[in-house]
Amino acid sequence: MDEFRYRYNAKLANDIERKWQEKWLRDGTFHAANPAGDLVGADGEHAGDKQPFFVMDMFPYPSGAGLHVGHPLGYIATDVIGRFQRMQGKNVLHALGYDAFGLPAEQYAMQTGEHPRDTTESNIKTMREQLKRLGLAHDERRSFATIDPSYVKWTQWIFLQLFNSYYDETYAKENGDIGSARPISELVEKYESSTLTLPEPYASDNNLGGKTWQNLTAKEQSDVLMLSRLAYISESPVNWAPGLGTVLANEEVTADGLSERGSFPVFKKELRQWSMRITEYAKRLTDGLDTIDWPEKIKTMQRNWIGESLGTSIKFCVLAPYEYDDPNDANTVPQVGEIEVYTTRADTLFGATFFAVAPDHEILTNVQDGRRQSIADYQAQAGKKSAVEKMQGEKTGVFSGLYALNPVTDMMLPIYAADYVLSDYGTGAIMAVPGGDQRDFDFAKKYDIDIIYTVSPAEGLGEIEGNAAYTGDGVVINSKSEHLDLNGLDVETAKNKMNEWLTSRQIGEVQTNYRLRDWLFSRQRYWGEPFPIVYDDEGVVHALPETLLPVELPDVPDYKPRTFDSDDADSAPETPLSRNKEWLETDLDLGDGVKHYRRDANTMPNWAGSCWYYLRYLDPNETEHVVDPKNDEYWLSPFHNETAGEAGGVDLYVGGQEHAVLHLLYARFWHMVLYDLGHVKSKEPFHKLFNQGYIEAYAYKDARGAYVPADEIMVVNVLGQRENRYSWNDVEVFEEYGKMGKSLKNAVTPDEMYEQYGADTFRLYEMSMGPLDISRPWNTRSVIGAERFLQRLWRNVIDENTGELLVKDTEPDAETLKAMHKTIHYVTVEMREMRPNTAIAKLIGLNNHITKLDVIPKKVAENLVLMLSPFAPHISEELWSRLGHEKSLAHENFPTYDAKYLVEDEIESVVQINGKIRAKLSVSPNITDDELEKKAFESTKVQEQIDGFEVVKVIVRAPKIISIVVKEKVQDW
RNA sequence: GCGCAUGUGGUGAAAUGGUAGACACGCUAGGUUUAGGUCCUAGUGCUGGUUAACAGCGUGGGGGUUCAAGUCCCUUCAUGCGCACCA
């Protein structure tokens, strides 16, 4: 049994791994030096004069379920890249914190009946242990959780920054749309000095105490400011999910009107809630995408969500004819108001044949008495419809009796209330052009309204006419009146001409619209950050001063949310925090003596904590600033290293693509506000974003649909059938492919991998499975390949029986030297391009090469170990130390290659004849085209092939290829 | 419905328009081991051919550009993802 005492196997791997993990921790090997504050390194403010490199994973959420092998994929990838960058001489910052507030933690706590803080903290502990065994090169001093009071303090502080700011459009314009969030005190000054008139209704309503700021009551002043604050309370229609017992942001509601979490029905309900004025940043959130290095797909998703569109806002006179009026003579009909619409196709105004407004549009208050009932009925009916019904059902509407006057044709167009028009987009009203819009077309068909086509494709409308709208490009037709003639123009030109006409008459204005809505920010949940906000007895809103932060969660008798029947649209939210009256009602001194206040009983959504955690990694213990300006500048400012862009930000952010429009949009918004207010120097939080794929797995179901353990499946290959069949306990089962999970009985845990193979093998296998951004199936059976590689490398360096060092300090032979330099070259390129799978293949190739040598030169072994170390750091450290090095290799330079060794003496050149490879020649890489051609035609094989044919063409690409085109000789008898 | 991505051996996958299948799993044969496993060596896209030489075919299907296409273009099918009354 003493044989192979020193063989690299799971047991030895585990010993080595624990040893090095402890040593790294003890030595602070992966501590990243800050230029300022408590984490400055030995080199002080210069942080070693090294270029910074900040690599980051998406915040893990410590659920109680435990990890499977899919979870660490991204963490391993960032670790590999971080270690590689460190070996490129960078000061690498890599740490991991925990996102710990939010619904899943709360739900898990409810299942177990324990307090969310206890379950969350124990989950974090478990997850830390599981991840620790991976040997991730994290700076553990920089870890934290969003529930830590020292973290909550700054989350609340940022909230107050938003609360105490407003968006100043004039300032934005004068400063190139940058620096537009300004302190609310500047707005107060403007109102005080009457530089700015008060908003309606305050400006014109003398009953409210006059038109000046000074004679508004404190409550009124508070209400006025609330209209401008970036974090504000308003009474507005919000997404209420009775089954969840909380309101939700638009981003958390799916297209078919269900909550993203739990799939509960969501209803629009008028409620007083907190929102974030993200819409003010719509343009910058869109434009900023051009300055960052993100996957196009994610950028597209954000662009779509923000939904920028360039169009025209047009005002129309609204007429309400009585029965005795002549509806054809606009002059005789009384005007009751104006209606404004938004369109991206102003060129089609000649084709507008009716108007449609959202059922709750205010113009409908002008309908005549006889119509009121039918409008009210329709409004009630529309309110009950679910999103799906609206979308899939036939379009409906009801005529209002009102007409809009088309300014370009002087025609009176009937106005319908129709629920296919959304009240919260544009102006909630449209000019309907059935000839140019399929939705309007469907409606016009149903209600028998005229259809006028204003654009015709070059080949004519043909079958389209009367059957569908035409939305494509073409020539403008039917667009001429005494005011304007667009006929014959192309769409773009016609649009411009129409816009000019509308603008000159001051009835239209070119306008950019956004689909993005403000971000609903309050939740009726227990497990979240409390708002640092109190209300006095007059209802005036007060921000707590920084000295009173953090506001910690109180204990409540019951932290469960009050939920309702999921279809009970009439229910109203009740917050768990309101159950603790002692906490809720409080006496505070906010600077003008102790007074009674009531706290805000909502909590923040869990996005709050994940909106700024990257800043906390920079300065985890900072108490004076959200982040020390020096540290922020060093790590994040524009052009802080050779790959950082004009916007600055985290150098590499790796995570799944599921956060495309939630976390990633919110975080960008907060960052822009912090930038405007001067707290950070980067314009965007994340410079490069990379979406890793997922590890998936096969799962097996029996005939009843129950999952059976995937690792106990027998594969049955029936002879003559292409597809495999599967059985479990002699019962046929059926394969499906998808996620890995406990409930699917196909989960494999990292712990099993550590035990069977060790962390290095596990890491190496995950990195070699395939490209990082592609999802791939887990296959435990294949892991052995990674272990064999490490074992062979170990055996090349260490005698398995004696433990002696086998390498010798000899010069490598020419071939080995070449192989080594080529490997270094290739691996360096692949690491930069984030292709670990091919880099590993080349490392295996080099190891296979040296395995065949009698004596392994030390230099080659060392370089191989260094290159391997980002993937398998423990075995690499062990070999490195056995090779005679005292210091950790973590800060060694990555091997460099000498270009002279990349050149081959002889290479194989291919001769193609009519596209087929017919001969291979061994030639010098420096061979000229002429020489290669000559050599090719001298080859007997080539001569055999072209004998009897006429050479038509020869293409030579020395030294790799020569292509000869021949055709049959025309025999001239 | 619209948009995007992806289709390569038995499997995971490689291939700046220039030798398709690197590397690995699996499989086959041989060797070491007094069992199995480990480990070592060789082979392994498919078809034909004697196990050889060699030939033909081959990157979802069809068509095109090119001396040359997995790669570029058109078209079509399948799968996945995203969006979906946004005027």
Side-chain angles (χ1 to χ4, degrees), chain A residues 3-4 7 9 254-256 295-298 300-301 303-305 307-309 311-312 341-345 348 356 387 390-393 395 418-422 424-433 436-440 442-443 471 513-517 657-658 660-661 715 717 722 724 737-738 764-765 768-771 773-789 791-792 795 800 826 835 837-845 847-848 851-852 907-917 919-920 952-957 960-966:
Chain A
E3 226 174 11
F4 304 138
R7 168 165 288 182
N9 54 24
T254 62
D256 42 0
E296 262 324 303
K297 184 174 176 167
I298 303 290
T300 306
M301 283 166 74
R303 281 198 192 97
N304 288 344
W305 186 260
E308 183 177 271
S309 82
T312 316
V341 304
Y342 173 76
T343 176
T344 54
R345 292 294 302 273
T348 62
K390 275 193 194 177
M391 223 153 51
Q392 292 172 350
K395 297 206 176 355
D419 64 4
Y420 80 95
V421 178
L422 307 173
D424 62 353
Y425 182 77
T427 60
I430 59 163
M431 61 175 220
V433 184
D437 184 291
Q438 192 57 43
R439 296 155 298 178
D440 299 345
D442 296 341
F443 192 90
T471 55
N513 249 9
Y514 296 92
R515 200 184 82 109
L516 185 70
R517 304 290 85 183
Q657 60 151 60
E658 69 272 16
V661 287
V715 179
N717 194 299
R722 214 183 145 69
N724 287 333
Y737 179 65
L764 191 68
Y765 173 64
S768 66
M769 286 169 84
D773 50 352
I774 306 290
S775 294
R776 67 298 304 262
W778 175 263
N779 191 349
T780 300
R781 203 168 61 163
S782 297
V783 180
I784 189 77
E787 186 185 53
R788 281 184 198 147
F789 165 47
Q791 210 169 53
R792 279 179 199 140
R795 191 156 45 228
E800 289 188 326
Y826 194 93
R835 284 195 293 260
N837 53 327
T838 49
I840 291 168
K842 294 296 166 184
L843 293 177
I844 294 173
N847 190 51
N848 288 349
T851 302
K852 297 187 177 81
I907 68 161
E908 201 170 45
S909 190
V910 174
V911 185
Q912 288 186 357
I913 295 171
N914 282 357
K916 287 197 186 303
I917 295 149
K920 291 175 183 180
V952 181
K953 195 173 182 181
V954 180
I955 293 119
V956 192
R957 293 281 179 275
K960 286 194 83 172
I961 208 154
I962 166 164
S963 187
I964 302 169
V965 187
V966 298

*Asks:* Considering only the C1' atoms, how many Å lie between C54(B) and G61(B), rounded to the nearest integer?
*Replies:*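 Between the two C1' atoms, the distance is 31 Å.
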
*Asks:* Does G82(B) have a Watson-Crick or wobble partner in any strand here, with both distances under 3.5 angstrom, and which is it?
*Replies:* C2(B)

*Asks:* For C27(B), which nucleotide in any strand shown is its Watson-Crick or wobble partner with both distances under 3.5 Å?
*Replies:*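 Result: G43(B).
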
*Asks:* Tell me, please, which residues at least two apart from Asn304(A) pass side-chain contact (heavy atoms from CB on, under 4.5 Å).
*Replies:*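 Partners of Asn304(A) by the side-chain contact (heavy atoms from CB on, under 4.5 Å) criterion, ordered by chain and then number, come out as Thr300(A).
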
*Asks:* Could you pull out the closest heavy-atom pair between Met301(A) and Ala660(A), with the gap in Å?
*Replies:* CE-CB, 3.5 Å

*Asks:* Go ahead and name the base partner of U33(B); Watson-Crick or wobble counts if both distances stay under 3.5 Å, otherwise write none.
*Replies:* none

*Asks:* Without swapping roles, check the side chain of Asp437(A) against the backbone of Ala432(A) for a donor-acceptor pair under 3.5 Å.
*Replies:*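 Answer holds: no.
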
*Asks:* Which residues satisfy the side-chain hydrogen bond (donor to acceptor under 3.5 Å, both in side chains) test with Arg957(A), sequence neighbours excluded?
*Replies:* none

*Asks:* Nearest whole Å is fine: how far is C2(B) C1' from Arg303(A) CZ?
*Replies:* 18 Å

*Asks:* Please report the distance, rounded to the nearest Å, between OH in Tyr765(A) and C1' in G26(B).
*Replies:* 12 Å

*Asks:* Sugar-phosphate atoms are those with a prime plus P, OP1 and OP2; base atoms are the rest. Using that split, label each nucleotide of nucleotides 53-64 of chain B B, S or - for protein heavy atoms under 4.0 Å, 5' to 3'.
*Replies:* ---SS-------

*Asks:* Tell me: CZ of Arg345(A) to C1' of A87(B), nearest whole Å?
*Replies:*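 Rounding to the nearest Å, CZ of Arg345(A) and C1' of A87(B) are 11 Å apart.
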
*Asks:* Syn or anti for G30(B), given that syn means the glycosidic angle lies within 90° of 0?
*Replies:*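 That one's anti.
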
*Asks:* Indicate whether OP1 or OP2 belonging to A87(B) is found under 4.0 Å from a side-chain N or O atom of Tyr342(A).
*Replies:* no

*Asks:* Arg835(A): which residues meet the salt bridge (Lys or Arg N to Asp or Glu O under 4.0 Å) condition with it, sequence neighbours left out?
*Replies:*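 Scan of Arg835(A) (salt bridge (Lys or Arg N to Asp or Glu O under 4.0 Å), adjacent residues dropped) gives Glu830(A).
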
*Asks:* In whole Å, what separates the P atom of A15(B) from that of U75(B)?
*Replies:*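 One P to the other, the span is 28 Å.
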
*Asks:* Residues two or more places apart in sequence or in another chain: which of them pass side-chain contact (heavy atoms from CB on, under 4.5 Å) with Asn9(A)?
*Replies:*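 Residues passing side-chain contact (heavy atoms from CB on, under 4.5 Å) with Asn9(A): Lys11(A), Leu12(A).
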
*Asks:* Would you list the protein and nucleotides 78-82 of chain B atom pairs, both N or O, that sit under 3.5 Å from each other?
*Replies:*
residue, atom, partner, partner atom, Å
C81(B), O2', Lys297(A), NZ, 2.8
C81(B), O2', Gln657(A), NE2, 3.3

*Asks:* Quantified in whole Å, what is the P atom distance between nucleotide A22(B) and nucleotide A42(B)?
*Replies:* 15 Å

*Asks:* Gln438(A) near the nucleic acid: base, sugar-phosphate alone, or nothing, with a heavy-atom cut-off under 4.0 Å?
*Replies:* nothing

*Asks:* Could you check Ile964(A) against Tyr425(A) and say which one's nearest nucleotide on RNA chain B is further toward the 5' end?
*Replies:* Ile964(A)

*Asks:* Just the rounded figure in Å: distance from C1' of C39(B) to CG of Asn9(A).
*Replies:*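 In whole Å, C39(B) C1' lies 13 Å from Asn9(A) CG.
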
*Asks:* Taking U59(B) as the reference, what is the distance to A53(B) when you measure between their C1' atoms (whole Å, please)?
*Replies:* 28 Å

*Asks:* Using the C1' atom as the reference point in each nucleotide, state the distance between G12(B) and C2(B) in Å, no decimals.
*Replies:*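 Each nucleotide's C1' atom is 34 Å from the other's.
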
*Asks:* Could you list the residues that satisfy side-chain contact (heavy atoms from CB on, under 4.5 Å) with Gln438(A), not counting sequence neighbours?
*Replies:*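 Once residues adjacent in sequence are excluded, the partners of Gln438(A) under the side-chain contact (heavy atoms from CB on, under 4.5 Å) criterion are Phe441(A), Asp442(A), Ala468(A), Ala469(A).
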
*Asks:* For the residue pair Ser309(A) and Tyr342(A), what are the closest heavy atoms and their distance?
*Replies:*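 Taking Ser309(A) first and Tyr342(A) second, the nearest heavy atoms are OG-OH, 2.7 Å.
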
*Asks:* Taking only side-chain nitrogens and oxygens of Arg795(A), does any of them come within less than 4.0 Å of OP1 or OP2 of C40(B)?
*Replies:*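 Yes.
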
*Asks:* Could you tell me how far apart Lys395(A) (NZ) and A84(B) (P) are, to the nearest whole angstrom?
*Replies:* 15 Å

*Asks:* Apply side-chain hydrogen bond (donor to acceptor under 3.5 Å, both in side chains) to Arg345(A) and list each qualifying residue two or more places apart in sequence or on a separate chain.
*Replies:*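 Here the qualifying residues are Asp347(A).
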
*Asks:* Can you list the residues that meet the ring pair (Phe, Tyr, Trp, His ring centres under 6.0 Å) rule with Phe443(A), with sequence neighbours excluded?
*Replies:* Phe354(A), Tyr416(A), Tyr420(A), Tyr447(A)

*Asks:* Take Asp437(A) and Arg7(A), find for each the nucleotide of RNA chain B with the closest heavy atom, and name the residue whose nucleotide sits nearer the 5' end.
*Replies:*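 Comparing both residues, the 5'-ward one is Arg7(A).
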
*Asks:* How long is the line joining CD of Glu800(A) and C1' of U32(B), in whole Å?
*Replies:*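 In whole Å, U32(B) C1' lies 14 Å from Glu800(A) CD.
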
*Asks:* What pair of heavy atoms forms the shortest contact from Val911(A) to Ile964(A), and how long is it?
*Replies:* CG1-CD1, 3.9 Å

*Asks:* Going by purine N1 to pyrimidine N3 plus the second Watson-Crick contact, or the G-U wobble pair, all under 3.5 Å, which nucleotide sits opposite A53(B)?
*Replies:*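 Base-paired to nothing in any strand shown.
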
*Asks:* Using the C1' atoms only, state how far G3(B) lies from U11(B), rounded to an integer number of Å.
*Replies:*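 So the two C1' atoms sit 33 Å from each other.
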
*Asks:* Mind checking the C1' distance from A13(B) to U8(B)? Whole angstroms is fine.
*Replies:* 9 Å

*Asks:* Mind checking side-chain contact (heavy atoms from CB on, under 4.5 Å) for Arg792(A) and listing every partner two or more places apart, or none if nothing turns up?
*Replies:* Arg788(A), Arg795(A), Asn847(A), Asn848(A)

*Asks:* Can you sort out the partners of Thr344(A) under side-chain hydrogen bond (donor to acceptor under 3.5 Å, both in side chains), two or more places apart, ordered by chain and number?
*Replies:* none

*Asks:* Starting at atom CG of Leu422(A), determine the distance to atom P of A87(B), rounded to an integer number of angstrom.
*Replies:*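 Interatomic distance, CG of Leu422(A) to P of A87(B): 10 Å.
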
*Asks:* Searching all strands shown, indicate the nucleotide that pairs with G18(B) (Watson-Crick or G-U wobble; both distances under 3.5 Å).
*Replies:*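 Answer to the pairing question: C67(B), which forms a Watson-Crick or G-U pair with G18(B).
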
*Asks:* Tell me, for nucleotides 13-25 of chain B in 5' to 3' order, what letter each nucleotide earns: B for a base near a protein heavy atom under 4.0 Å, S for only sugar-phosphate near one, - for neither?
*Replies:* SS---BBS-BSSS

